[in-house]
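Values below: all heavy atoms of this structure, side chains included; hydrogens, waters and symmetry mates excluded. Per chain, numbering begins at 1; letters A, B, ... match sequence-line order.
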Amino acid sequence: MSDSSSRGIGEWTSQVRRGLLELCLLRLLARAPSYGYEIVTALDAHRPLASGENTVYPLLRRLKHDGLLATFSQESPSGPPRQYYRLTVAGRQRLEALTTEWAAMSEAVQTFLEENPS
Amino acid sequence: MTSTHPVAARYLAELERGLSAIDPAERAEIVREIANHIADAQAAGRPLEEVLQVLGPAGALARAYAVETILNPKTPQSHWDRTLTLIGFFAIASLPSFVLIVTLGAVGFAFVVAGVAAIGAALASFAGFVDIMDTPPGYALAVGPFLLAGGIAALTALVYYVRFLARLARRTLARTRT
(Lines give C-alpha, C1' and ligand atoms only; values in the text may rest on other atoms or scores of the structure.)
Protein backbone atom coordinates (compact mmCIF):
# COMPACT_ATOMS: atom_id res chain seq x y z
CA MET A 1 0.00 0.00 0.00
CA SER A 2 3.02 2.24 -0.22
CA ASP A 3 3.13 3.14 -3.87
CA SER A 4 2.09 6.71 -4.64
CA SER A 5 -0.96 5.93 -6.77
CA SER A 6 -2.65 3.82 -4.11
CA ARG A 7 -1.81 6.43 -1.52
CA GLY A 8 -3.44 9.02 -3.74
CA ILE A 9 -6.59 6.93 -4.15
CA GLY A 10 -6.74 6.38 -0.41
CA GLU A 11 -6.60 10.08 0.25
CA TRP A 12 -9.26 10.88 -2.34
CA THR A 13 -11.54 8.22 -0.92
CA SER A 14 -11.01 9.61 2.56
CA GLN A 15 -11.97 13.11 1.44
CA VAL A 16 -15.08 11.91 -0.36
CA ARG A 17 -16.05 9.68 2.50
CA ARG A 18 -15.65 12.44 5.02
CA GLY A 19 -17.92 14.70 3.04
CA LEU A 20 -20.60 12.04 2.79
CA LEU A 21 -20.27 10.84 6.35
CA GLU A 22 -22.51 13.58 7.67
CA LEU A 23 -25.25 12.52 5.26
CA CYS A 24 -24.93 8.88 6.26
CA LEU A 25 -24.88 9.64 9.97
CA LEU A 26 -27.98 11.81 9.76
CA ARG A 27 -29.81 9.20 7.68
CA LEU A 28 -28.88 6.42 10.09
CA LEU A 29 -30.14 8.37 13.06
CA ALA A 30 -33.32 9.42 11.25
CA ARG A 31 -34.46 5.79 11.38
CA ALA A 32 -33.87 5.40 15.10
CA PRO A 33 -31.69 6.93 17.80
CA SER A 34 -28.46 5.09 18.34
CA TYR A 35 -25.21 5.20 20.31
CA GLY A 36 -21.54 5.32 19.41
CA TYR A 37 -20.58 1.69 18.97
CA GLU A 38 -23.81 0.77 17.22
CA ILE A 39 -23.38 3.66 14.79
CA VAL A 40 -19.78 2.78 14.01
CA THR A 41 -20.68 -0.87 13.48
CA ALA A 42 -23.55 0.02 11.15
CA LEU A 43 -21.22 2.10 8.98
CA ASP A 44 -18.59 -0.63 9.06
CA ALA A 45 -21.09 -3.01 7.52
CA HIS A 46 -20.65 -1.10 4.28
CA ARG A 47 -16.94 -1.24 3.72
CA PRO A 48 -16.52 1.89 1.60
CA LEU A 49 -18.26 3.88 4.32
CA ALA A 50 -16.12 2.53 7.13
CA SER A 51 -14.58 5.72 8.31
CA GLY A 52 -12.79 4.86 11.46
CA GLU A 53 -13.89 5.74 14.95
CA ASN A 54 -11.40 8.60 15.05
CA THR A 55 -13.50 10.41 12.45
CA VAL A 56 -17.01 9.32 13.39
CA TYR A 57 -16.94 10.20 17.07
CA PRO A 58 -15.60 13.74 16.66
CA LEU A 59 -18.06 14.29 13.83
CA LEU A 60 -20.99 13.15 15.98
CA ARG A 61 -19.87 15.67 18.56
CA ARG A 62 -19.70 18.46 16.01
CA LEU A 63 -23.16 17.65 14.68
CA LYS A 64 -24.41 17.86 18.23
CA HIS A 65 -22.76 21.26 18.66
CA ASP A 66 -24.35 22.44 15.45
CA GLY A 67 -27.74 21.50 16.83
CA LEU A 68 -28.39 18.77 14.28
CA LEU A 69 -28.25 16.00 16.86
CA ALA A 70 -29.37 15.82 20.46
CA THR A 71 -28.17 13.35 23.05
CA PHE A 72 -29.81 11.47 25.87
CA SER A 73 -28.58 8.89 28.32
CA GLN A 74 -29.74 5.33 28.62
CA GLU A 75 -28.68 2.51 30.91
CA SER A 76 -26.49 -0.12 29.28
CA PRO A 77 -26.26 -3.78 30.28
CA SER A 78 -22.49 -3.89 29.84
CA GLY A 79 -21.21 -0.79 31.58
CA PRO A 80 -21.81 2.89 32.35
CA PRO A 81 -24.87 4.61 30.81
CA ARG A 82 -24.63 5.09 27.07
CA GLN A 83 -24.98 8.37 25.30
CA TYR A 84 -27.61 8.06 22.56
CA TYR A 85 -27.89 10.42 19.63
CA ARG A 86 -31.12 11.42 17.95
CA LEU A 87 -31.98 13.79 15.13
CA THR A 88 -33.34 17.24 15.93
CA VAL A 89 -35.73 19.18 13.74
CA ALA A 90 -32.78 21.09 12.31
CA GLY A 91 -31.09 17.75 11.76
CA ARG A 92 -34.02 16.49 9.74
CA GLN A 93 -34.01 19.59 7.61
CA ARG A 94 -30.30 19.26 7.01
CA LEU A 95 -30.74 15.59 6.11
CA GLU A 96 -33.34 16.51 3.51
CA ALA A 97 -31.08 19.19 2.06
CA LEU A 98 -28.06 16.88 1.91
CA THR A 99 -30.09 14.05 0.41
CA THR A 100 -31.34 16.30 -2.37
CA GLU A 101 -27.85 17.67 -2.92
CA TRP A 102 -26.32 14.21 -3.03
CA ALA A 103 -28.93 12.93 -5.45
CA ALA A 104 -28.30 15.86 -7.78
CA MET A 105 -24.54 15.54 -7.56
CA SER A 106 -24.30 11.79 -7.97
CA GLU A 107 -26.66 11.90 -10.93
CA ALA A 108 -24.65 14.70 -12.51
CA VAL A 109 -21.39 12.81 -12.04
CA GLN A 110 -22.88 9.60 -13.41
CA THR A 111 -24.24 11.41 -16.47
CA PHE A 112 -20.95 13.18 -16.97
CA LEU A 113 -19.00 9.94 -16.84
CA GLU A 114 -21.38 8.34 -19.30
CA GLU A 115 -21.17 11.25 -21.70
CA ASN A 116 -17.39 11.29 -21.53
CA PRO A 117 -16.25 7.70 -21.81
CA SER A 118 -12.52 7.20 -21.42
CA MET B 1 -19.55 -3.62 35.77
CA THR B 2 -16.14 -4.78 34.65
CA SER B 3 -13.11 -2.84 35.82
CA THR B 4 -11.03 -1.10 33.20
CA HIS B 5 -7.98 -2.89 31.88
CA PRO B 6 -4.83 -0.86 32.75
CA VAL B 7 -3.91 -0.43 29.08
CA ALA B 8 -7.36 0.97 28.33
CA ALA B 9 -7.19 3.16 31.43
CA ARG B 10 -3.86 4.57 30.26
CA TYR B 11 -5.30 5.26 26.84
CA LEU B 12 -8.29 7.08 28.31
CA ALA B 13 -6.05 9.09 30.64
CA GLU B 14 -3.91 10.18 27.72
CA LEU B 15 -7.03 11.08 25.75
CA GLU B 16 -8.29 13.15 28.66
CA ARG B 17 -4.98 15.00 28.86
CA GLY B 18 -5.12 15.75 25.15
CA LEU B 19 -8.58 17.25 25.60
CA SER B 20 -7.52 19.72 28.27
CA ALA B 21 -8.50 22.65 26.05
CA ILE B 22 -12.11 21.46 25.99
CA ASP B 23 -14.54 22.32 28.75
CA PRO B 24 -14.62 19.80 31.63
CA ALA B 25 -18.22 18.61 31.22
CA GLU B 26 -17.72 17.99 27.53
CA ARG B 27 -14.35 16.37 28.14
CA ALA B 28 -15.90 13.92 30.60
CA GLU B 29 -18.60 13.05 28.08
CA ILE B 30 -16.05 12.35 25.38
CA VAL B 31 -13.91 10.15 27.61
CA ARG B 32 -16.98 8.27 28.79
CA GLU B 33 -18.11 7.71 25.22
CA ILE B 34 -14.75 6.30 24.15
CA ALA B 35 -14.63 4.17 27.30
CA ASN B 36 -18.04 2.78 26.37
CA HIS B 37 -16.85 2.16 22.83
CA ILE B 38 -13.88 0.17 24.10
CA ALA B 39 -16.10 -1.80 26.47
CA ASP B 40 -18.70 -2.51 23.76
CA ALA B 41 -16.03 -3.58 21.28
CA GLN B 42 -14.50 -5.96 23.77
CA ALA B 43 -17.92 -7.33 24.68
CA ALA B 44 -18.37 -8.04 20.97
CA GLY B 45 -15.20 -10.12 21.09
CA ARG B 46 -12.65 -7.72 19.62
CA PRO B 47 -9.19 -7.84 21.24
CA LEU B 48 -8.22 -4.70 23.15
CA GLU B 49 -5.05 -4.04 21.13
CA GLU B 50 -7.04 -4.07 17.91
CA VAL B 51 -9.68 -1.72 19.28
CA LEU B 52 -7.04 0.77 20.43
CA GLN B 53 -5.14 0.44 17.19
CA VAL B 54 -8.24 1.30 15.16
CA LEU B 55 -8.99 4.25 17.43
CA GLY B 56 -5.49 5.44 16.74
CA PRO B 57 -3.10 7.17 19.13
CA ALA B 58 -4.91 8.90 21.98
CA GLY B 59 -3.17 12.18 21.16
CA ALA B 60 -4.35 12.09 17.56
CA LEU B 61 -7.91 11.30 18.62
CA ALA B 62 -7.86 14.21 21.06
CA ARG B 63 -6.64 16.50 18.30
CA ALA B 64 -9.42 15.26 16.01
CA TYR B 65 -11.97 16.34 18.63
CA ALA B 66 -10.20 19.66 19.11
CA VAL B 67 -10.21 20.26 15.38
CA GLU B 68 -13.96 19.75 15.20
CA THR B 69 -14.69 22.15 18.03
CA ILE B 70 -11.98 24.74 17.47
CA LEU B 71 -11.88 24.84 13.70
CA ASN B 72 -15.64 24.63 13.47
CA PRO B 73 -16.89 26.74 16.36
CA LYS B 74 -20.55 26.44 17.18
CA THR B 75 -21.08 30.11 17.82
CA PRO B 76 -20.05 32.55 15.14
CA GLN B 77 -16.92 34.15 16.50
CA SER B 78 -15.50 37.43 15.43
CA HIS B 79 -12.63 37.15 13.01
CA TRP B 80 -10.29 38.36 15.71
CA ASP B 81 -11.51 35.78 18.26
CA ARG B 82 -11.03 32.97 15.79
CA THR B 83 -7.52 34.10 14.94
CA LEU B 84 -6.56 34.32 18.59
CA THR B 85 -8.02 30.86 19.25
CA LEU B 86 -6.07 29.41 16.36
CA ILE B 87 -2.87 31.04 17.61
CA GLY B 88 -3.39 29.53 21.03
CA PHE B 89 -4.24 26.14 19.59
CA PHE B 90 -1.23 25.91 17.32
CA ALA B 91 1.15 27.41 19.83
CA ILE B 92 0.64 24.37 21.99
CA ALA B 93 0.31 21.91 19.12
CA SER B 94 4.02 21.56 18.50
CA LEU B 95 7.30 23.00 19.72
CA PRO B 96 8.44 24.41 16.35
CA SER B 97 5.12 26.19 15.82
CA PHE B 98 5.24 27.44 19.40
CA VAL B 99 8.69 28.95 18.82
CA LEU B 100 7.66 30.48 15.52
CA ILE B 101 4.42 31.88 16.86
CA VAL B 102 6.05 33.37 19.96
CA THR B 103 8.88 34.85 17.90
CA LEU B 104 6.61 36.38 15.27
CA GLY B 105 4.26 37.62 17.96
CA ALA B 106 6.97 39.15 20.15
CA VAL B 107 8.95 40.64 17.27
CA GLY B 108 5.79 41.92 15.68
CA PHE B 109 4.47 43.51 18.83
CA ALA B 110 7.84 44.97 19.86
CA PHE B 111 8.52 46.44 16.44
CA VAL B 112 5.09 47.98 16.19
CA VAL B 113 5.49 49.59 19.61
CA ALA B 114 9.01 50.77 18.84
CA GLY B 115 7.99 52.08 15.46
CA VAL B 116 5.04 54.03 16.83
CA ALA B 117 7.17 55.34 19.71
CA ALA B 118 9.95 56.44 17.40
CA ILE B 119 7.60 58.25 15.04
CA GLY B 120 5.67 59.77 17.91
CA ALA B 121 8.79 60.97 19.68
CA ALA B 122 10.25 62.39 16.48
CA LEU B 123 7.08 64.26 15.62
CA ALA B 124 6.76 65.56 19.16
CA SER B 125 10.34 66.70 19.04
CA PHE B 126 9.82 68.47 15.71
CA ALA B 127 6.73 70.15 17.06
CA GLY B 128 8.76 71.39 19.97
CA PHE B 129 6.80 69.56 22.65
CA VAL B 130 9.67 67.49 23.97
CA ASP B 131 13.39 67.63 23.67
CA ILE B 132 14.51 64.46 25.34
CA MET B 133 15.95 62.60 22.42
CA ASP B 134 19.67 61.85 22.12
CA THR B 135 19.29 60.73 18.55
CA PRO B 136 18.36 63.39 16.03
CA PRO B 137 14.61 63.35 15.55
CA GLY B 138 15.01 63.13 11.83
CA TYR B 139 16.72 59.80 12.26
CA ALA B 140 13.91 58.50 14.43
CA LEU B 141 11.31 59.72 11.95
CA ALA B 142 13.14 57.85 9.20
CA VAL B 143 13.59 54.63 11.14
CA GLY B 144 10.20 54.63 12.87
CA PRO B 145 8.11 53.69 9.85
CA PHE B 146 10.45 50.84 9.02
CA LEU B 147 10.09 49.43 12.52
CA LEU B 148 6.36 49.83 12.30
CA ALA B 149 6.22 48.18 8.89
CA GLY B 150 8.43 45.35 10.12
CA GLY B 151 6.18 44.83 13.09
CA ILE B 152 3.03 44.79 11.00
CA ALA B 153 4.69 42.38 8.57
CA ALA B 154 5.62 40.02 11.40
CA LEU B 155 2.10 40.07 12.83
CA THR B 156 0.59 39.56 9.37
CA ALA B 157 2.97 36.63 8.83
CA LEU B 158 1.79 35.23 12.14
CA VAL B 159 -1.85 35.37 11.10
CA TYR B 160 -1.15 33.78 7.72
CA TYR B 161 1.03 31.10 9.30
CA VAL B 162 -1.70 30.16 11.73
CA ARG B 163 -4.32 30.02 8.96
CA PHE B 164 -1.96 27.86 6.91
CA LEU B 165 -1.60 25.48 9.86
CA ALA B 166 -5.37 25.33 10.19
CA ARG B 167 -5.73 24.28 6.55
CA LEU B 168 -2.96 21.73 6.96
CA ALA B 169 -4.58 20.32 10.08
CA ARG B 170 -7.94 20.00 8.36
CA ARG B 171 -6.37 18.08 5.46
CA THR B 172 -4.22 15.86 7.64
CA LEU B 173 -7.02 14.93 9.99
CA ALA B 174 -9.29 14.15 7.05
CA ARG B 175 -7.15 11.11 6.38
CA THR B 176 -8.60 8.09 8.11
CA ARG B 177 -7.75 4.42 7.95
CA THR B 178 -8.55 2.95 4.58
Side-chain angles (χ1 to χ4, degrees), chain A residues 1-2 6-22 25 34-44 47-69 71-85 90, chain B residues 1-4 8 11-12 15 18-19 22-23 25-46 50-76 170-178:
Chain A
M1 271 276 274
S2 58
S6 62
R7 196 180 344 123
I9 296 292
E11 175 146 357
W12 182 83
T13 310
S14 289
Q15 303 276 25
V16 173
R17 198 189 328 192
R18 187 175 165 77
L20 294 173
L21 194 52
E22 183 176 341
L25 280 178
S34 187
Y35 63 95
Y37 191 70
E38 200 175 65
I39 294 171
V40 169
T41 313
L43 290 174
D44 263 355
R47 202 82 280 272
L49 294 178
S51 217
E53 292 88 27
N54 49 12
T55 311
V56 174
Y57 282 113
L59 183 56
L60 282 170
R61 191 136 296 269
R62 176 164 72 82
L63 296 178
K64 179 189 165 187
H65 275 166
D66 290 348
L68 303 175
L69 298 178
T71 56
F72 60 92
S73 227
Q74 218 176 75
E75 290 301 318
S76 132
S78 63
R82 288 189 182 126
Q83 186 173 70
Y84 276 73
Y85 293 89
Chain B
M1 187 153 57
T2 56
S3 57
T4 314
Y11 185 90
L12 293 169
L15 175 64
L19 296 170
I22 293 181
D23 104 356
E26 170 113 29
R27 194 189 320 151
E29 249 180 41
I30 293 174
V31 174
R32 197 164 42 234
E33 183 163 48
I34 299 298
N36 277 342
H37 168 85
I38 294 173
D40 285 337
Q42 288 186 281
R46 287 169 61 189
E50 188 244 329
V51 178
L52 296 185
Q53 199 208 4
V54 169
L55 276 174
L61 181 56
R63 276 196 295 281
Y65 276 106
V67 164
E68 291 293 358
T69 49
I70 292 172
L71 293 188
N72 298 285
K74 54 175 166 159
T75 48
R170 247 189 272 256
R171 270 208 305 273
T172 309
L173 287 157
R175 274 195 233 119
T176 60
R177 69 175 169 98
T178 46

>> Just so I understand: if I count every heavy-atom pair under 4.5 Å between each of B:A35, B:A44, B:G56, B:A41 and chain A, which residue has the most?
In response: B:A41

> Between OH of A:Y57 and CG of B:L61, what distance do you get to the nearest 0.5 Å?
Replying inline: 10.0 Å

> For the residue pair B:D40 and A:R82, what are the closest heavy atoms and their distance?
Replying inline: OD1-NH2, 3.2 Å

> Just wondering, are more than 12 heavy atoms of other shown residues or ligands nearer than 6.0 Å to CD in B:Q53?
Replying inline: no

> Can you tell me how far CD1 of A:I39 sits from NE2 of B:H37, rounded to the nearest 0.5 angstrom?
Replying inline: 12.0 Å

>> Using the side chain to side chain contact (heavy atoms under 4.5 Å, CB included) criterion, which residues pair with A:T71? Sequence neighbours excluded.
In response: A:K64, A:Q83, A:Y85

>> Is B:I38 close to chain A through its backbone or its side chain, or both, or neither, when contacts mean heavy atoms under 4.5 Å?
In response: neither

>> For the CD1 atom of B:I30 and the CG atom of A:L60, what is their distance to the nearest 0.5 Å?
In response: 11.0 Å

>> Going by salt bridge (charged side-chain N to carboxylate O under 4.0 Å, His left out), name the residues that satisfy it together with A:R61, two or more places apart in sequence or in a different chain.
In response: B:E26, B:E29, B:E33

